[in-house]
Q: 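My structure is below; once you've seen it, I'll send some questions.
Just so you know, these numbers use all the heavy atoms, side chains as well, and skip hydrogens, waters and symmetry mates. Chain letters run A, B, ... following the sequence lines, proteins first and then strands; every chain starts at 1. Computed from a prediction, not measured in an experiment: that's the story for all the values here.
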Amino acid sequence: MNERAGSAPPEGETLADLLFLFTSIATIFGIYAILAISLNLEFGYAGQPNLGKVFFYSVGAYVAGILVAHVVSGLAGWSGELFGAPAARVRFEYAVANPGVIFGLFLAALVLGGLAGGAFGYLASFPALRLRGDFLAITLIAVGEVSRVFVHAYEPLAGGAIGILGVPNPFVWITSLGPDIPVTAQRLAYTGVVLGIAVVCLLYAERLSNAPFGRLLKAVRDDELVADVLGKRTRRVKGTVLVIGSAMAAVAGVLYAFHAQSIVAGDYIPQVTFLVLAMVLLGGAANHRGAVIGALVLTLVDRFTQPATLAIAGIFWSSPVDLNYLRYIGIGLMLILVLMFRPEGIIPERPVKTPRPAAPAAAAMDGGTETP
Amino acid sequence: MVDFLARPALDTILLGSLYTMMALGLTLTYKVTKIPNFAHAEYVTIGAYATVVMVNRFGFVGVAGVLAVVVSFLAAAGVALGVDELVFKPLFRRGASPLHMLVASIGAGLVLRYIVFIGADLGNLLSEKANLSAKTVWVIGNGSVSTLHLTIVPTVAGIVIVLHVLFVGTRVGKGMRAMASNFDLARVSGINTTFIRRLTWILAGGLAGVAGAFWAIHNPVTPELGWRALLWIFAASILAGLTSFYGTIAGGYIVAAAENFGISLLNRAYGVDVGYKPMIALAIIVAVFLIRPTGFAGLTVRDVVEGFRSLPSRVRERARRLRASRG
């Protein structure tokens with residue numbers, strides 16, 4: 001994932017530099033954590049290898065970008081080309097002047113993106129009903145690539161190869177509140193929102209998978225036939241988990257769009273899916289905390305092997321071998337080594353913990369009127 | 001008519017041959033080892049770079065040309081064998097599922113691709129053309145038949161014949177087919193599964209390497225050459241259900257024909273932009289998996305004829321059932 005944040009750090013201010021670095025890493029971590037949790041629900045728990053993750057992620061990003069581009073340009077009275085740099089400038093100015101509108105749009109994008117992602121997830125459940133593991137994975141990778149090629153070629157939708165520029169940070173107005181508020185405040189506020197949403201996703205996924213539904217997911221993963229014979233509606237379970245996972249991924253996409261402030265088709269390549277998959281496998285499949293830890297480790301590895309990040313920390317990579325190549329080799333090796341030597345990941349899978357019901361069964365036997 | 005269809009036809013022959021050569025190895029290894037190998041494309045890249053280095057050093061005339069192709073074959077075969085020994089075989093012993101194999105092959109592919117990147121970067125070969133271009137022999141309409149067409153078609157034909165003889169007429173080929181249909185049974189029957197597995201990888205990698213050699217003559221080579229073609233290789237192989245040898249040959253040419261004729265007809269009739277071309281092959285993958293996941297495998301001429309003949313009655317039956325369920 002390439003960082004193309006709108007505002008550059010001010011020169012010579014170490015604290016601002018570090019804050020910039022922190023917000024950038026923390027935001028990306030939050031986004032990857034959501035993606036990892038969603039893939040973990042689908043792949044770790046339900047055994048559906050949704051290797052089209054990047055597609056659902058891009059759905060969210062495009063919903064956000066298209067919504068903002070059309071609505072803000074319309075409100076600002078811009079009638080020119082929608083996705084290029086001039087329109088982007090108009091949108092940034094409008095966002096500073098109208099904090100409520102852009103924040104409302106951010107919320108609307110989250111909801112609409114989630115809905116669109118869920119709808120596409122429902123569509124993806126049709127191949128999932130017919131195909132087993134590896135074939136489903138290949139199909140969904142192909143779906144992701146088809147859509148990327150389409151968006152790349154079809155300009156009216158999302159600006160084609162150049163993409164959509166100028167998705168303002170929802171907190172871009174913070175700096176206009178007072179003269180001494182630094183630019184980083186916008187980013188800090190946004191990072192807080194992203195991490196908050198990631199925590200909500202984690203709690204939701206934990207709750208979902210520790211409910212009886214979690215056991216059902218594992219049953220579908222381990223032996224679909226048995227689950228079917230026991231009268232569980234396995235098709236419906238697969239559909240549900242793909243809808244939930246895809247909606248989450250789309251929310252992550254919305255968050256990335258507002259973070260990167262632009263949406264480019266070249267960002268949504270299968271490598272993103274593979275990175276998320278590596279996070280889930282490293283952390284431990286069927287374990288949300290593991291997925292988050294995997295996301296943290298790989299985000300840190302990803303960020304701290306970018307020459308730009310190292311330069312902020314004062315390290316200049318000067319070997320003839322490009323650091324980016326080494327990073328990908330590392331990710332590939334990690335995938336293989338984890339599968340070979342620790343297939344259960346950092347935190348192994350544990351049995352489902354269904355929370356104790358609020359009212360004990362004994363109380364119900366006594367007459368069920370009062371609770372202790 | 002001819003003047004605008006000549007080019008897609010010639011492209012189909014060239015690209016179809018390349019896709020076939022690449023996909024044959026993928027089908028072979030999937031069939032024998034049950035690994036959907038995402039690293040297969042990297043063997044093509046390695047073969048292509050081997051040819052570029054050989055041709056740019058020794059030329060491509062006579063022995064040097066044959067040598068370049070042989071080196072491509074050996075380089076890619078060696079890497080394929082190494083990946084199997086180091087990655088897939090240990091996983092296989094642990095009883096990894098095809099899905100885990102797929103993930104491992106993605107990892108192996110990443111490692112190989114970026115090692116090639118490092119090598120190409122250090123050697124200043126990030127986008128390198130072999131010092132050799134196909135000569136135009138004959139011009140038809142808007143297309144031209146080149147020496148590349150004239151060499152690639154006999155090459156593919158030769159490969160197909162050799163493989164056919166191998167599968168049908170030799171003990172090793174029989175062993176491969178036995179392993180494909182039932183690994184345990186093959187092993188208890190005294191077939192040397194280790195040897196056959198190695199041979200399979202050598203053949204598959206080598207074929208990919210030879211395809212890479214032809215790519216190097218056709219186009220400039222980049223470290224992403226194979227990766228870019230990967231889903232096309234899969235499309236060809238998936239048309240064959242990832243298992244059928246002859247289906248793969250048909251699949252390669254069908255994918256090439258669908259995208260080349262498809263896009264030039266759509267472009268001419270509706271002005272569809274050429275940028276949509278990659279969607280055709282990818283759509284084939286999705287469509288085959290949704291309609292008939294086994295592809296051409298096990299499909300006979302009689303099935304096709306019978307399928308078409310019974311189509312009206314099947315439609316009537318479906319409609320009747322629909323009405324019955326509603327009312």
Q: Is B:Phe234 close to A:Ile141 at the side-chain level, that is, under 4.5 Å between some pair of heavy atoms?
A: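 The answer is no; the side chains never approach within 4.5 Å.
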
Q: Any idea how B:Tyr276 and A:Tyr154 line up, ring-wise: parallel (<30°), tilted (30 to 60°), or perpendicular (>60°)?
A: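 Tilted, since the angle between the ring planes falls between 30° and 60°.
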
Q: Within a reach of under 6.0 Å around CZ of A:Phe150, are more than 12 heavy atoms found that belong to other residues, nucleotides or ligands?
A: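 Atom CZ in A:Phe150 is packed in, count exceeds 12.
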
Q: Around atom CZ of A:Phe120, are there more than 12 heavy atoms from other residues, nucleotides or ligands closer than 6.0 Å?
A: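 Check fails, neighbour count at 12 or below.
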
Q: Between B:Phe92 and chain A, which part of the residue has a heavy atom less than 4.5 Å away: side chain, backbone, both or neither?
A: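 Contact with chain A is absent: no heavy atom of B:Phe92 under 4.5 Å.
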
Q: Let me confirm one number: the CG-CZ distance from B:Leu110 to A:Phe274, rounded to the nearest 0.5 Å.
A: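 Spacing of CG (B:Leu110) from CZ (A:Phe274) equals 7.0 Å.
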
Q: Tell me whether the rings of A:Phe135 and B:Phe289 are parallel (<30°), tilted (30 to 60°) or perpendicular (>60°).
A: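 A:Phe135 and B:Phe289: tilted rings.
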
Q: Using a cut-off of under 4.5 Å on heavy-atom pairs, state which of B:Ile118, B:Val286, B:Leu122, B:Leu102 scores highest against chain A.
A: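 Going by pairs under 4.5 Å, I would pick B:Ile118.
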
Q: At their closest point, which heavy atom of B:Leu99 faces which heavy atom of A:Ala137, and how far apart are they?
A: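 Reported closest heavy-atom pair: CD1-CB, 4.2 Å.
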
Q: Side chain from CB out, backbone as N, CA, C, O: work out which of these in A:Ile336 comes under 4.5 Å of a heavy atom of chain B, or both, or neither.
A: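 Contact with chain B involves the side chain of A:Ile336 alone.
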
Q: Quick check: closest heavy atoms across B:Arg113 and A:Gln271, and the distance to 0.1 Å?
A: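 Looking at all heavy atoms of both residues, the shortest contact is NH2-NE2, 3.5 Å.
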
Q: What part of A:Leu136 gets closer than 4.5 Å to chain B, counting heavy atoms only: side chain, backbone, both or neither?
A: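 For A:Leu136, no heavy atom lies under 4.5 Å from chain B.
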
Q: Heavy atoms only: give me the nearest A:Asp134-B:Pro98 pair and the separation to one decimal.
A: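 Where A:Asp134 meets B:Pro98 most closely, the heavy atoms are OD2-CB, 3.4 Å.
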
Q: Any chance you could measure A:Ile138, atom CD1, to B:Phe38, atom CZ, to the nearest 0.5 Å?
A: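 Reported to 0.5 Å precision, the distance equals 5.0 Å.
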
Q: Is it the side chain or the backbone of B:Leu86 that comes within 4.5 Å of chain A heavy atoms, both, or neither?
A: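 When you check distances to chain A, only backbone atoms of B:Leu86 fall under 4.5 Å.
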
Q: Looking only at heavy atoms and a cut-off of under 4.5 Å, which of A:Leu51, A:Leu131, A:Leu335 has the most pairs with chain B?
A: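 With the most close heavy-atom pairs to chain B, the winner is A:Leu131.
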
Q: Are more than 12 heavy atoms, taken from residues, nucleotides or ligands other than A:Arg236, located less than 6.0 Å from that residue's CZ atom?
A: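 Open.
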
Q: Sort B:Ile238 into side chain, backbone, both or neither according to what part of it lies under 4.5 angstrom from a heavy atom of chain A.
A: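 For B:Ile238, the side chain is the part near chain A, not the backbone.
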
Q: Rounded to the nearest 0.5 Å, how far does NE2 of A:His152 lie from CE of B:Met279?
A: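 Interatomic distance, B:Met279 CE to A:His152 NE2, rounded to 0.5 Å: 13.0 Å.
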
Q: How long is the straight-line distance from CD1 of B:Ile115 back to CG of A:Leu326, given to the nearest 0.5 Å?
A: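 Rounded to the nearest 0.5 Å, the CG-CD1 separation comes to 10.0 Å.
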
Q: Under 4.5 Å from any heavy atom of chain A, what part of B:Ala104 do you find: side chain, backbone, both or neither?
A: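 Both backbone and side chain of B:Ala104 come within 4.5 Å of chain A.
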
Q: For A:Arg233, I'd like to know if atom CZ has over 12 heavy atoms of other residues, nucleotides or ligands within 6.0 Å.
A: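 Open: at most 12 neighbouring heavy atoms sit under 6.0 Å from CZ of A:Arg233.
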
Q: Looking at A:Arg235, I want to see if its CZ is surrounded by more than 12 non-hydrogen atoms of other residues, nucleotides or ligands under 6.0 Å.
A: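 No, CZ of A:Arg235 has 12 or fewer neighbouring heavy atoms, counting only those of other groups under 6.0 Å.
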
Q: For A:Pro343, is it the side chain, the backbone, both, or neither that has a heavy atom closer than 4.5 Å to a heavy atom of chain B?
A: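 Neither part; nothing is under 4.5 Å.
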
Q: Heavy-atom pairs under 4.5 Å with chain A - which of B:Ile285, B:Leu231, B:Ile106, B:Leu91 has more of them than the others?
A: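 Looking at each option in turn, the highest pair count goes to B:Ile106.
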
